[in-house]
**Student:** 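Quick one: the structure is below, and I'll ask about it shortly.
Quick note: residue numbers are just sequence positions, from 1.
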Amino acid sequence: GIGFVLGRYRNRYRTRAIQNTGEARVSRALTAKFRPPNYHLLNHLTLRVGNETTQIDHVLVSRFGVFVIETKDHAGWIFAGARDRFWTQVLYRARFRIRNPIHQNHKHVLAIRKLLEFLPAEAIRNVVVFTGHGEFKTAMPDEVFNLPRLVTFIDGHTAEVMSLNRLQFCVGRLETARLSITKATDIEHIQELRRRFHNDE
């Protein structure tokens, strides 16, 4: 019945919440340090990119720039090259290929630049933060930080890129884009539930 299916959806979201301890840590650190009115943090921002939707972990909109943040919670040794398509994670002698998160996040940056086209492109920054116990065995690329270094990096941006009014406008535009997708996704979910419910009867 429909209760069972809804239960499955709830479980899936609960699992996602448990997995995202790294994201929660980033969110707490940024909220504690970077407060309104000069900063506004958006978490789990889903946007449409072409025909697909993509989820961005965090977007910190500030008078000093927009920081598009991808969070990774890897353990083990990390071998990384800024331009490489894949990085290597070594964990208990097993080797894993992981997609270069700088490249992954670049798509997110382009989506934000398109929505906020009135800002200079360089004001929207590609940032990757590693929150786990991963240890880089190669030089950490410029766009990649641990959490304390990320806070220092953002704090170091002091040149004003936009006014408070413009900041609020940017946040409004991102929230509107997110909301249109949420509505469409909710409608798709409801239709899927109804279809399954009728099939179960």
**Student:** So if I apply the side chain to side chain contact (heavy atoms under 4.5 Å, CB included) rule between V68 and each of V127, N105, D57, which one comes out positive?
**Tutor:**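 The side chain to side chain contact (heavy atoms under 4.5 Å, CB included) with V68 is passed solely by N105 among V127, N105, D57.
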**Student:** Measuring from N38:CG to L164:CG, what's the distance to the nearest 0.5 Å?
**Tutor:**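 Interatomic distance, N38 CG to L164 CG, rounded to 0.5 Å: 5.5 Å.
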**Student:** Would T131 and D73 count as having a side-chain donor-acceptor pair, cut-off 3.5 Å?
**Tutor:**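 Their side chains do contain a donor-acceptor pair, which is all the 3.5 Å distance test asks for.
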**Student:** Using a 3.5 Å cut-off and no angle test, enumerate the donor-acceptor pairs between side-chain atoms of residues 144-162 and protein atoms at least two apart in sequence or in another chain.
**Tutor:**
| residue | atom | partner | partner atom | Å |
| --- | --- | --- | --- | --- |
| N146 | OD1 | R149 | N | 2.9 |
| T152 | OG1 | P148 | O | 3.1 |
| H157 | ND1 | F153 | O | 2.9 |
| H157 | NE2 | R125 | NH1 | 2.8 |
| E160 | OE1 | R63 | NE | 3.3 |
| E160 | OE1 | R63 | NH2 | 2.5 |

**Student:** Given E117 and R173, is the salt bridge (charged side-chain N to carboxylate O under 4.0 Å, His left out) satisfied, shown in steps?
**Tutor:** CA-CA 11 Å; E117 77 282 349; R173 184 164 273 205; 3.2 Å; yes
**Student:** Using ring-ring contact (aromatic ring centres under 6.0 Å, His included) as the criterion, list what pairs up with Y39, not counting sequence neighbours.
**Tutor:**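 Listed in chain order: F34, F64.
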**Student:** Looking at every non-hydrogen atom in both residues, tell me the closest pair between L47 and A177 and how far apart they are.
**Tutor:**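 The pair with the smallest heavy-atom distance is CD2-CB, 3.8 Å.
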**Student:** Is atom CD of E52 surrounded by more than 12 heavy atoms (other residues, nucleotides or ligands) closer than 6.0 Å?
**Tutor:**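 It does not: E52 CD has 12 such atoms or fewer within range.
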**Student:** Are L174 and V66 linked, directly or through intermediate hydrophobic residues, by side-chain heavy-atom contacts shorter than 4.5 Å (ILVMFWY only)?
**Tutor:**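 Yes, it is one cluster - the side chains of V66 and L174 are joined through contacts under 4.5 Å.
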**Student:** Here's a test for you: under side chain to side chain contact (heavy atoms under 4.5 Å, CB included), which of R178, H44, H108 qualifies with I56?
**Tutor:**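 Exactly one pass, corresponding to H108.
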**Student:** Do any pairs count as a ring pair (Phe, Tyr, Trp, His ring centres under 6.0 Å) and have a residue in residues 71-101, sequence neighbours left out, and if so which ones?
**Tutor:**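 Found H74-F130.
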**Student:** Decide whether V129 and L30 are clustered together by the hydrophobic rule: side chain heavy atoms of Ile, Leu, Val, Met, Phe, Trp, Tyr closer than 4.5 Å, transitively.
**Tutor:**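 Same cluster.
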**Student:** Can you confirm whether K137 is buried at NZ, in the sense that more than 12 heavy atoms of other residues, nucleotides or ligands lie under 6.0 Å from that atom?
**Tutor:**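 Counting neighbours around NZ of K137, more than 12 heavy atoms of other residues, nucleotides or ligands fall under 6.0 Å, so yes.
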